[in-house]
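Please read the structure below before turning to the comments.
Basis for what follows: all heavy atoms, side chains included, without hydrogens, waters or symmetry-related copies. The structure displayed is predicted, hence computed values, not measured ones. Just so it is clear: chains get the letters A, B, ... in the order the sequence lines come, proteins before strands, and each one is counted from 1.
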Amino acid sequence: MFEAEQKGIEEQIRAYCASHSLPEPNLRWTWIPFSGQWGLSTSFFQLAAASFNGQKGSIPQKAQEIAAGIADQIGIPDGFSKVEAVNGYLNLTFDPALYTRRVIDTVLELGGSYGRGKRLDEQVMVEFSQPNTHKAFHVGHLRSAILGDVLSNLLDAAGYDVVRANYPGDMGLHVIKWLWNYENFHLGEKPGRDITRWMGDLYSEASKRLDENPELDNEVREVYRRWDRREPALVALWKETRQWSLDGFTEMYNRLGIHFDTYYFNSMFEDSGREMVQDLIQKGIAEDERPDNGPVVVKLDEKLGLKTEKYRVFVILRSDGTALYATEDLALARQKFTDYPDLSRSYYVVDVRQSLHFTQVFKTLELAGYDWATRCFHVPYEIVSMPGNVVMSSREGSVVLLEDLLREATERALQVVREKNPELSEDQKQEIARAVGIGAIKYPMLTRDNTKVVTFDWQSALDFNGQAAPYIQYACVRANSILRKAAVNLPGSLIPDYPLSQPEVVLIDLIGRLPNEIQNAARDLRPLLITTLAYDLAKAFNDFYTQCPVIQAEENIRNSRLRLVAAAKQAMTNSLALLGITAPQAM
RNA sequence: GCCCCGGUAGCUCAAUAGGAUAGAGCAAAGCACUCCUAACGCUUAGGUUGACAGUUCGAGUCCCUCCCGGGGCACCA
């Protein structure tokens, strides 16, 4: 927001350093970290240390001298109201009135695109939400879907051209088991309304049957053989039933507001994967141990001449010649760069348990000489577990189905709306309940670091209080309410001609941080930064709401505050939109 | 055994590429509703940041050695 001024100041600081025979400074600006202090700050400790060049001296004292010298030199630049040297820091305080106008004008002018960065002419792919067909869609699958979606939003907002890719697991032992069960016990049946639940039920039924009757494994192996020779009737059944799952997933994605630009299926890469394995053998990278009844492997540590175990041994084809996930992942990576040759990065949002797998895939591709291999990145996240550290498992039925969670959350939200706003129409109530329910589900998954385990329990999942999406949505509603009640057109650009109160200062400060925070969140792949900012904004707005009257204020103050309310609402709405959460008009 | 990730208030989590005074929510105790929607606000209490030793002007953050928890390590996905 103050880039031009900041640059000018940086130049002055450099000039100062040059003329005082100080080393070139490495300037990093931060916010002044005291509430009510409003502006930019940088420190000179490193510069002070460097200036001693090994000699002894008091670094804090020297840093303070430099800061004071610079403060003297630059005076008070345009746009700032105060320049101070404090404890080795140079603090530049914004001119409140000017800064206010600049922030608010920018937000209101840009509207929904406030915070978005310059287009970078750079394409990236985010692969996320790899659900298995013929299985349930449960809360454990939710994190990849939500995280990947929001990372895509963030990268897009930061300026990248983002390709959103899904990679459903549509073939494998789980599918074969499902088909076996269907052919023998459910032939001709079709799913009802809850498609993914039904698909999941049939899968756990199949698992149970096979666990109880191990002798039936023969029948399953026979189904696998029919698949391997692509028996037309079986392939047709697979296609039809697979589509059921995909329809069910689409329904879930629609309800969550998540979309994809492209789909890859692991069944697409069995053949091309095997070809790549063959190629790796020929290049001498992979070793074919099949003559000794072994698999095809890449001995990564050995190939790299490493003495300690790091990449270990990577199995890329089963001894019977059938494809593994690893086989398919090699081909998938290549396909992505064939389809999108300009990708500067290809992200895989997959849980942390597959970290070694992906380092092996990428390292193998690098050894094979694919120059894009170093542009592949695994984005690991921790799993969602049940209380008591129980992992959700479709087989064991220790799952919370996404359908159930969505229904419960929406139902809970609906109860509250009915209580609070009985006068709204049923449609409006439903819409609000959907927005609140979805927000309540998404926010907790996004507001902890990717490396932290999320423990799912119903009580906290359905708790709408405290630091949660409904709190932020409610702040938007309050802002909206003021604007509606004011019943006037928004006043034009203006410079506040009254002393700003503390809540206003804090609120404007936070609004102005959104563009920068989007860049940080995209750079670090951390939605947490945006969930935090959105919450801080809502909290600051609620402070403002309780302490600063708008409609009853005198005209000059009212006009200024109305613009602030509109800008705050926009900043909160935009932040929520990045998180895939919508703010209702009332609630 | 080797590798990765975590350990911060009673609980769940923050702390912007080492920076100024470690912050929120929940739970607890109390207050508050004639006033733009109380899904709100205010007050109180709560900390040797797992331990030890280092590096630095400055360490929750980096390094060493440990402890505790989770995960991964040849044909599962």
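A residue-by-residue look at A/C548 and A/Y89 shows that A/Y89 has its nearest nucleotide of RNA chain B further toward the 5' end. If A/V313 and A/W31 are placed on RNA chain B by their nearest nucleotide, the residue sitting closer to the 5' end is A/W31.
Counting any heavy atom pair closer than 4.0 Å across all strands shown, A/V436 reaches a base atom. Residue contacts for A/K62: at a heavy-atom cut-off of 4.0 Å it reaches no nucleic acid atom on any strand shown. As judged by a 4.0 angstrom heavy-atom cut-off over every strand, A/N91 is placed among the base-contacting residues. Across all strands shown, A/L528 has heavy atoms under 4.0 Å from sugar-phosphate atoms exclusively, and none from any base. Here A/Y471 lies in heavy-atom contact (under 4.0 Å) with sugar-phosphate atoms only. Residue-level contact check: A/V453 touches the backbone only, with heavy atoms under 4.0 Å from sugar-phosphate atoms and none from bases. Residue-level contact check: A/D449 touches the backbone only, with heavy atoms under 4.0 Å from sugar-phosphate atoms and none from bases. A/T322 comes within 4.0 angstrom of nothing in the nucleic acid, heavy atoms only. A/L356 comes within 4.0 angstrom of the backbone, heavy atoms only, and of no base. A/V297 comes within 4.0 angstrom of a base, heavy atoms only. Nucleic acid contact class of A/R484 (heavy atoms, under 4.0 Å, all strands): none. Nucleic acid contact class of A/D543 (heavy atoms, under 4.0 Å, all strands): sugar-phosphate only. Looking at heavy-atom distances under 4.0 Å, A/S355 makes no contact with the nucleic acid at all. In this structure, A/A326 reaches neither bases nor backbone, as no heavy-atom distance under 4.0 Å exists between it and the strands shown.
A salt bridge links A/R513 with A/D509: the distance from a Lys NZ or Arg NE/NH1/NH2 to an Asp or Glu carboxylate oxygen falls below 4.0 Å. Looking at A/D320 and A/R318, no side-chain N of the basic residue comes within less than 4.0 Å of a carboxylate O on the acidic one, giving no salt bridge.
Residue side chain A/N26 does not reach the base of B/rA17 through any donor-acceptor N/O pair under 3.5 Å, judged by distance alone. Between the side chain of A/R312 and the base of B/rC2 there is at least one donor-acceptor pair of N/O atoms closer than 3.5 Å. Checked by distance alone, A/Q467 brings no side-chain donor or acceptor within 3.5 Å of a matching partner on the base of B/rA14. Under 3.5 Å, the side chain of A/T532 and the base of B/rA15 form no donor-acceptor pair of N or O atoms.
In terms of phosphate contacts, A/R353 brings no side-chain nitrogen or oxygen within less than 4.0 Å of OP1 or OP2 of B/rG71. Remark: A/K299 is not in phosphate contact with B/rA74, judged by side-chain N or O atoms under 4.0 Å from OP1 or OP2. Remark: A/K310 is not in phosphate contact with B/rC73, judged by side-chain N or O atoms under 4.0 Å from OP1 or OP2. Between A/R28 and B/rG18, a side-chain N or O to OP1/OP2 separation shorter than 4.0 Å is absent. The phosphate of B/rU16 (OP1 or OP2) has no side-chain N or O of A/R523 nearer than 4.0 angstrom. Checking the phosphate oxygens (OP1, OP2) of B/rA15, no side-chain nitrogen or oxygen of A/R448 falls inside 4.0 Å. Side-chain N/O atoms of A/Y545 include one lying less than 4.0 angstrom from OP1 or OP2 on B/rA38.
Of the candidate nucleotides B/rA77, B/rA38, B/rC36, B/rA77 has the atom nearest to the side chain of A/N132.
Between A/Y167 and A/Y325, the ring planes lie tilted relative to each other; the angle falls in the 30° to 60° range. Between A/W458 and A/F456, the ring-plane angle classifies as perpendicular under the 30° and 60° cut-offs. Aromatic ring orientation, A/F362 versus A/Y348: tilted (interplanar angle from 30° to 60°).
Searching all strands for a Watson-Crick or G-U wobble partner of B/rG18 with both distances below 3.5 Å returns nothing. Under the Watson-Crick or G-U wobble criterion, with both distances below 3.5 Å, B/rG6 is paired with B/rC68. The base-pairing partner of B/rG1, taking Watson-Crick or G-U wobble contacts with both distances under 3.5 Å, is B/rC73. Pairing partner, B/rG41: B/rC31, with both Watson-Crick or wobble hydrogen-bond distances short of 3.5 Å. Within the shown strands, nothing qualifies as a pairing partner of B/rU48 under the Watson-Crick or G-U definition with both distances less than 3.5 Å. Taking a pair to require two hydrogen-bonding distances under 3.5 Å in either a Watson-Crick or a G-U wobble arrangement, B/rA24 pairs with B/rU12.
Side-chain contact between A/L330 and A/L280 is present, with at least one heavy-atom pair separated by less than 4.5 Å. A/V454 places none of its side-chain heavy atoms less than 4.5 Å from the side chain of A/E382.
Whole-Å rounding puts the A/L90 CG to B/rA20 C1' distance at 14 Å.
Residue side chain A/F45 meets the stacking definition with respect to B/rG19: its ring centre sits within less than 5.5 angstrom of the base's six-membered ring centre, and the planes differ by less than 30 degrees.
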